[in-house]
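Each remark here refers to the structure printed beneath this line.
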Amino acid sequence: MGSFEALLAGFSAALDPMILLYGFIGCFVGTLVGVLPGIGPALTIALLLPLTFKVPAVAMFVLFGGVYYGAMYGGSTTSILLNTPGESATLMTALEGNRMARKGRAGAALATAAIGSFVAGTIATIALTFFAPLVVEAALAFGPAEYFSLMILALVAVTAVLGSSLLRGLISLSGGLLIGLVGVDLQTGQPRFTFGQMELLDGIEVTIAAVGLFAVGEALFLAWQGREAKKTEVLEVSDSLFLSRNDWRRSWKPWIRGSLFGFPIGAMPAGGAELPTLLSYYTEKKLSKHPEEFGKGAIEGVAGPEAANNAAAAGVLMPLLTLGIPTSATAAIMLSAFESYGIRPGPTLFTEQGGLVWTLIASLYIGNVILLILNLPLVGLWVKLLKIPAPWLYAGIIIISVAGVYGSTNSAFDIGLLFGFGLLGYTFRRFDFPLAPMIIGLILGPMAENSMRQALVISMGDFTTFLTRPISGSILVIAALLLLLPYLRNRFSR
Amino acid sequence: MTVQRFAIFLLIVCGLSAWQVTAIPESPMYAVVGATFIPTIIVSLLCLCGVLYALEVFKGGAVDLALDEESSPVDGAPARAAYFLAGLFCFVIFIKPLGFVLAAVFSGVAIARSFDASVGVRSLLICSGISIFFWVLFDLLLSVDLGPLFPLSSK
């Protein structure tokens, strides 16, 4: 069955009323968490992980897909109306979009962001549909050595390219790898890093670490900072949410260009969303007939970066689904959701779980339409959400975090562990340590160890197998070059 | 917590991790890669980076947002952080004896206080509403077991 036929079968499954309902709930919750500062898709998916025991895999991943895409849409509302970019990738949207809102053009900014997100999401999902099978075909030749090297590449890429310091990135990564090793070693049966605690023999749940680092850590940081209670004003949407003919004319090319920047860069192990949004912004500034408007509220400066951001988000799904390699914290948590269903993402996913993958991809198309419909007409609701006072918002975030963790184990020890991770998250935030390497290290560490062991069994203990196998060796060379990248970047920037 | 104290804490973690590697028991089973191989590499990397970070800190090159003009905390940071931590502590201490909802109410009031909400009936009512809402959502609607609504009551 070709990609197109498989996609059609995916659509027929995704249009099942129950699956559609999960998709809708995912989009709604995703937009909600994207709008609310302090909660992101990684945290939300982590909180939903306990439900994997109760909900069928297809429905759950459609829900996760909706949350993931929805959060990207919702983030732009906060950036434009509150001037609070949730992450560096929405910095440009905040810069130009908030200026537009201050000039009374909030409606146009929200509309170009939403329609741009729809266009980019759709283009990127089309690219995912047709390129993923090609990557799968190539990846079928991969053995454990290649997988080990790929995981090393993903770990190095996230550490070296994201964040402002390689040293702090490496500390975060090695901390995550270490936490991933806590518990009984499945091959030898020996306990590792348990400090004699029975509760640690099963290892540390990803949910606890992710929720602690992202939710509790962020909330504690904001409480310590004390600036949230004196939040800046939420701008009103006073103009029309329909784009004028001139706005359409100025927006459509940036949407397309942004998508073309976003997807390929997002699909790379070190890509992320920051680089394509910056590239898109500066390209639009260069190509615009109104460069003087940039920095003062240029619509192209919202349309392009917002499209690039969404296309990059879809791009992240490519290495996750085809290779089983997460390149962002959200993708890492989705990988752990796959694991809790006993499903191993990677090239065999398309043959062994074809129905699941193609339903998920089809639901991404449908989700984009739902999000477009959901975002603009409900903008009044999203604005109200932004006005929730900080004390109740963060009390609620902590309560829901504990509910998500306590619900899966009913253990007070796990709550203590959650808050321990919260303290770590706070110190990381305060001393500028990136969190993504820790989460990705925690999830990929045990998998990398397993692949390494398999590769060494095949090579009869010969460690050079990782370098002598052409694909594995090439990937390790790329990883080594990436590790040097921050030094080269510093050298050239001087 | 200052960046110097954090660096010392990191070095202590490095030391504890190194000790835990030596505490991994020898496996009677043969394995190409034993239980200590990867932990040794990771702990070595952590120790190396920890020492380099400590050097950076004591040379004055590390980042601390407390000293950054745009991100530094407004007055009263220790008190706010203390309220927040007290809220977390309430959850750990009370969740077993008092159940999820009451522990969440106490915790919520303290956390709201850390965001400058006053402690009073209003805070108590709002936190009760939030706690009961999430208990109903998780326990009743999503079948995630959070225990009974109140202590000693059955479901």
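A, B, ... follow the sequence lines: proteins, then strands. Residue 1 opens every chain. Side chains are part of it too, since the values below use all heavy atoms of this structure and drop only hydrogens, waters and symmetry mates. Since we're looking at a predicted model, the values are computed, not measured.
- For chain B, the option among A:Asp414, A:Leu423, A:Val457, A:Leu178 with the highest count of heavy-atom pairs below 4.5 Å is A:Leu178.
- Screening B:Val43, B:Ile38, B:Ile42 against A:Leu177 for a side-chain contact (heavy atoms from CB on, under 4.5 Å) leaves a single residue, B:Ile42.
- Between B:Phe6 and A:Phe433, the ring-plane angle classifies as perpendicular under the 30° and 60° cut-offs.
- The shortest distance between side-chain heavy atoms of B:Pro78 and A:Trp224 does not fall below 4.5 Å.
- Under a 3.5 Å cut-off, the side chain of A:Asn410 and the backbone N or O of B:Asp145 do form a donor-acceptor pair.
- Among the candidates B:Pro39, B:Ala117, B:Ala81, the residue making the largest number of heavy-atom pairs closer than 4.5 Å to chain A is B:Pro39.
- Under the 4.5 Å side-chain criterion, counting only non-hydrogen atoms from C-beta, B:Asp64 is in contact with A:Phe431.
- Between chain A and the residues B:Ser123, B:Ala23, B:Gly129, the most heavy-atom pairs under 4.5 angstrom are made by B:Ser123.
- With a 4.5 Å cut-off on side-chain heavy atoms, A:Phe221 and B:Leu65 count as touching.
- At a 4.5 Å heavy-atom cutoff, the contact between B:Leu142 and chain A is made by backbone and side-chain atoms alike.
- Two residues are said to be in side-chain contact when any heavy atoms from C-beta on lie closer than 4.5 Å; B:Phe100 and A:Val402 meet this criterion.
- In terms of heavy-atom proximity, A:Ala403 sits nearest to B:Leu146 at O-CD2, 3.5 Å.
- Considering only heavy-atom pairs separated by less than 4.5 Å from chain B, the leading option among A:Ser411, A:Gly441, A:Gly396, A:Ala448 is A:Gly396.
- Interface remark: B:Ser44 contributes no atoms to any contact with chain A (heavy atom separation under 4.5 Å).
- Shortest non-hydrogen contact noted between B:Ser17 and A:Phe193 is O-CE2, 3.6 Å.
- Proximity to chain A involves both the backbone and the side chain of B:Tyr53, based on heavy atoms less than 4.5 angstrom apart.
- Taking CZ from A:Arg430 and CG from B:Leu67, the interatomic distance works out to 7.5 Å, rounded to the nearest 0.5 Å.
- The residue among A:Ala223, A:Ala412, A:Ala395 with the most heavy atom pairs within less than 4.5 Å of chain B is A:Ala223.
- For the set B:Phe9, B:Phe84, B:Trp19, B:Phe37, the count of heavy-atom pairs under 4.5 angstrom toward chain A peaks at B:Phe84.
- Ranked by heavy-atom pairs shorter than 4.5 Å toward chain B, the options A:Leu170, A:Ile415, A:Leu173, A:Ile171 are led by A:Ile171.
- Under the 3.5 Å distance criterion, the side-chain polar atoms of A:Arg192 are left unmatched by any main-chain donor or acceptor of B:Gln20.
- Per-residue counts of heavy-atom pairs under 4.5 Å with chain A were compared for B:Ser114, B:Ala35, B:Ala77; the largest is that of B:Ala35.
- Contacts between B:Ile93 and chain A at a heavy-atom distance below 4.5 Å are absent for every atom of the residue.
- For a residue to count as touching a neighbouring chain, one of its non-hydrogen atoms must lie under 4.5 Å from one of that chain's; by this rule B:Tyr83 does not touch chain A.
- Interface residue A:Thr188: backbone and side-chain heavy atoms are both found under 4.5 Å from chain B.
- Per-residue counts of heavy-atom pairs under 4.5 Å with chain A were compared for B:Ser72, B:Cys127, B:Gly76; the largest is that of B:Ser72.
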For a side chain to side chain contact (heavy atoms under 4.5 Å, CB included) check, start with the C-alpha distance between A:Ile399 and B:Phe133, then their side-chain angles and the critical distance, and finish with the verdict. CA-CA 10 Å; A:Ile399 293 172; B:Phe133 171 78; over 6 Å; no
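- When all heavy atoms are compared, the tightest approach of B:Leu46 to A:Ser174 is CD1-OG, 3.4 Å.
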Apply side chain to side chain contact (heavy atoms under 4.5 Å, CB included) to A:Tyr406 and B:Val144, showing your working. CA-CA 9 Å; A:Tyr406 189 68; B:Val144 173; over 6 Å; no
Pair A:Phe419, B:Phe91 - check side chain to side chain contact (heavy atoms under 4.5 Å, CB included), show working. CA-CA 10 Å; A:Phe419 296 149; B:Phe91 240 134; 3.8 Å; yes
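- Most heavy-atom pairs under 4.5 Å with chain A: of the set B:Leu88, B:Ile111, B:Leu10, this distinction falls to B:Leu88.
- Closest approach of B:Arg80 to A:Gly226, counting heavy atoms only: NE-CA, 3.4 Å.
- Per-residue counts of heavy-atom pairs under 4.5 Å with chain B were compared for A:Val55, A:Leu181, A:Ile400; the largest is that of A:Ile400.
- Interface residue B:Leu85: only side-chain heavy atoms are found under 4.5 Å from chain A.
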